[in-house]
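I have placed the structure first, in the form of structure tokens, so that the comments after it can refer back to it.
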Amino acid sequence: MRLNGSCHCGKVRFTLDSHTPQPFMRCYCTVCRKTAGGGGYAINIMGEAATLKVTGRRQVTCYRALAEQVEGGGDRRGRSHMRRYFCRHCASALWGADPRWAEWVYPFASAIDTPLPKPAEVVHLMLDFAAPWVEVPRGPRHRRFQRYPEEAIIDWHQRRGLTVP
Ligand SMILES: [Zn+2]
């Protein structure tokens with residue numbers, strides 16, 4: 001599935017291919033909710049890094065949190081492995097990338113213009129770091145994790161037959 005994305009001011013546009021476009025993971029970690037999550041969380045999906053094409057690349061800049069601020073630590077220079085890319089004009093969060101999983105890129109669902117499927121189930125993760133005012137939904141469609149779930153994004157899609165060509 002080809003996904004189109006953009007920042008709010010329009011200086012950055014991007015496309016990528018994704019077999020796993022369900023926006024089912026809500027991350028409540030401090031970095032996601034401060035930088036991209038007005039509702040107290042951010043939603044990332046996953047696509048193939050090799051297919052990422054960016055117009056306005058020079059307007060894109062990157063934020064790397066300090067390793068001590070993130071679950072799981074970081075590199076030797078004390079930075080988070082995850083790079084969070086955003087537009088330097090309008091501050092829209094665009095995508096994340098982690099060199100440890102270089103074949104994937106993790107666009108913020110908020111930056112995607114292509115209509116995404118409505119997920120049948122929502123996974124709430126990093127709840128140990130959720131803001132106290134956030135109401136995390138309960139019910140059969142909602143699964144909660146204090147840290148990361150064990151099931152990877154691709155396995156979640158495969159188990160439900162939701163991968164797309
Ligand atoms: Zn912009």
Side-chain angles (χ1 to χ4, degrees), residues 1-72 74-75 77-119 122-127 129-131 133-137 148 152-154 156-157 162 164-165:
M1 182 176 181
R2 170 66 47 87
L3 301 179
N4 298 312
S6 61
C7 69
H8 188 261
C9 76
K11 289 187 167 71
V12 182
R13 298 186 179 282
F14 62 97
T15 65
L16 76 162
D17 292 343
S18 173
H19 303 292
T20 53
Q22 296 261 336
F24 73 98
M25 288 215 315
R26 298 185 187 175
C27 182
Y28 294 76
C29 86
T30 58
V31 192
C32 278
R33 66 182 161 89
K34 280 249 178 184
T35 64
Y41 56 85
I43 303 174
N44 286 87
I45 56 176
M46 189 177 88
E48 294 184 41
T51 66
L52 178 66
K53 293 189 176 65
V54 183
T55 307
R57 172 77 74 170
R58 292 177 62 191
Q59 316 309 326
V60 177
T61 188
C62 174
Y63 174 61
R64 293 180 68 189
L66 293 171
E68 67 207 33
Q69 298 172 313
V70 298
E71 162 69 10
D75 67 9
R77 298 170 70 185
R79 290 284 166 182
S80 163
H81 294 289
M82 180 63 81
R83 280 93 168 140
R84 290 173 164 81
Y85 292 89
F86 63 99
C87 172
R88 63 195 184 91
H89 296 279
C90 69
S92 300
L94 298 168
W95 64 82
D98 185 328
R100 293 173 300 171
W101 293 285
E103 112 185 72
W104 308 114
V105 62
Y106 303 93
F108 289 93
S110 52
I112 299 297
D113 300 311
T114 305
L116 295 171
K118 196 177 280 189
V122 177
V123 167
H124 304 267
L125 65 146
M126 305 298 261
L127 290 175
F129 309 99
W133 51 266
V134 174
E135 192 159 4
V136 183
Y148 286 111
I153 292 175
I154 193 158
W156 186 94
H157 282 75
L162 294 171
V164 296

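All ligand and atom numbering here is 1-based and tracks the order in the structure. Small disclaimer: the values here were computed from a predicted structure and weren't measured.
Applying the 6.0 Å contact sphere to OH of Tyr63 captures more than 12 heavy atoms from other residues, nucleotides or ligands.
Note: Phe14 and Trp95 have perpendicular aromatic rings, judged against thresholds of 30 and 60 degrees for the angle between ring planes.
Near the Zn ion (ligand 1), less than 2.8 Å away, sit the protein N, O or S atoms Cys7 SG, Cys9 SG, Cys87 SG, Cys90 SG.
Ion pairing of Arg77 with Asp75 is absent here, as no side-chain N (NZ or NE/NH1/NH2) approaches a carboxylate O to less than 4.0 Å.
Considering CG of Asn4 and CG of Leu16, their distance stands at 9.0 Å, rounded to 0.5 Å. To the nearest 0.5 Å, atoms OH (Tyr41) and CZ (Arg33) are separated by 13.5 Å.
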Start with the C-alpha distance between Ile45 and Leu3, add both sets of side-chain angles, then the distance that settles side chain to side chain contact (heavy atoms under 4.5 Å, CB included), and finish with yes or no. CA-CA 11 Å; Ile45 56 176; Leu3 301 179; 3.5 Å; yes
